[in-house]
Amino acid sequence: MTEKEIGRINELYHKSKAEGLTDEEKAEQAKLRQEYILAIRRNLKRTLDQVSILEPDGSVTELKKVAERKEKRKKGS
């Protein structure tokens with residue numbers, strides 16, 4: 001998501017509060033918001049994939065592996 005697209009989201013928001021949006025602008029706003037949410041989710045996932053947990057025994061476990069173990073236990077139940 002570019003700064004230009006984020007600026008357009010903000011522009012459409014302010015216009016919606018001031019005078020309202022046309023149907024085309026509402027559709028554009030919805031599309032841009034969806035793209036923004038997807039970009040945030042991708043960035044969060046990349047960040048979390050880089051996180052490691054220091055276990056009480058001193059070992060280090062990648063957060064991704066902890067999630068995989070929980071998922072396996074959940075499926076096994």
Side-chain angles (χ1 to χ4, degrees):
M1 174 124 300
T2 66
E3 290 295 321
K4 184 178 178 182
E5 291 170 320
I6 293 171
R8 182 65 177 153
I9 289 170
N10 291 328
E11 182 182 313
L12 289 169
Y13 168 77
H14 291 296
K15 184 177 180 195
S16 73
K17 294 297 179 186
E19 60 194 73
L21 299 174
T22 65
D23 289 339
E24 293 86 20
E25 289 170 329
K26 287 178 185 178
E28 179 186 8
Q29 183 183 45
K31 179 180 175 258
L32 287 170
R33 284 180 172 174
Q34 187 64 31
E35 289 174 13
Y36 182 75
I37 290 168
L38 290 174
I40 295 234
R41 287 180 179 159
R42 279 192 303 269
N43 289 337
L44 179 60
K45 183 175 182 339
R46 276 194 300 249
T47 298
L48 291 175
D49 284 345
Q50 300 301 316
V51 172
S52 297
I53 298 172
L54 179 61
E55 301 288 349
D57 66 0
S59 63
V60 177
T61 306
E62 293 177 10
L63 189 59
K64 188 189 309 187
K65 290 182 182 178
V66 172
E68 289 170 359
R69 277 188 273 165
K70 283 186 178 181
E71 190 65 29
K72 284 181 183 177
R73 276 189 244 140
K74 187 177 177 182
K75 288 181 181 179
S77 297

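Side chains are part of it too, since the values below use all heavy atoms of this structure and drop only hydrogens, waters and symmetry mates. Just so it is clear, the structure is predicted and the values come from calculations on it, not from any experiment.
- One finds no salt bridge joining Lys64 and Glu68 here, because no Lys/Arg side-chain nitrogen approaches an Asp/Glu carboxylate oxygen to under 4.0 Å.
- Hydrophobic clustering places Tyr36 together with Leu21 (ILVMFWY residues linked when any side-chain heavy atoms are closer than 4.5 Å, directly or through intermediates).
- At most 12 non-hydrogen atoms from other residues, nucleotides or ligands lie less than 6.0 angstrom from NZ of Lys45.
- With rounding to the nearest 0.5 Å, the separation of NZ in Lys15 from CD in Gln29 is 10.5 Å.
- Rounding to the nearest 0.5 angstrom, the gap separating the CZ atom in Arg69 from the NZ atom in Lys65 is 9.0 Å.
- Transitive grouping of hydrophobic side chains (ILVMFWY, heavy atoms separated by less than 4.5 Å) brings Ile53 and Leu44 into a common cluster.
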Run the side-chain contact (heavy atoms from CB on, under 4.5 Å) test on Glu28 and Glu24 for me, step by step, so that the C-alpha distance in whole Å, both residues' side-chain angles and the decisive distance to 0.1 Å come before the verdict. CA-CA 6 Å; Glu28 179 186 8; Glu24 293 86 20; over 6 Å; no

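- For the atom pair CG of Leu32 and CG of Asn10, the computed distance is 10.5 Å after rounding to the nearest 0.5 Å.
- Met1 CE to Ile37 CD1: the interatomic distance, rounded to the nearest 0.5 Å, is 10.0 Å.
- Note that NZ of Lys31 and CZ of Arg8 are 11.5 Å apart. Values are rounded to the nearest 0.5 Å.
- For the atom pair Lys26 NZ and Leu12 CG, the distance stands at 12.0 Å (nearest 0.5 Å).
- Note on Val66: it does not cluster hydrophobically with Leu54, by side-chain heavy-atom contacts below 4.5 Å among ILVMFWY residues.
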Test log, rule side-chain contact (heavy atoms from CB on, under 4.5 Å), inputs Lys75 and Glu71: CA-CA 6 Å; Lys75 288 181 181 179; Glu71 190 65 29; 3.6 Å; yes

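- Crowding of Glu55 atom CD: a count of heavy atoms from other residues, nucleotides or ligands under 6.0 Å exceeding 12.
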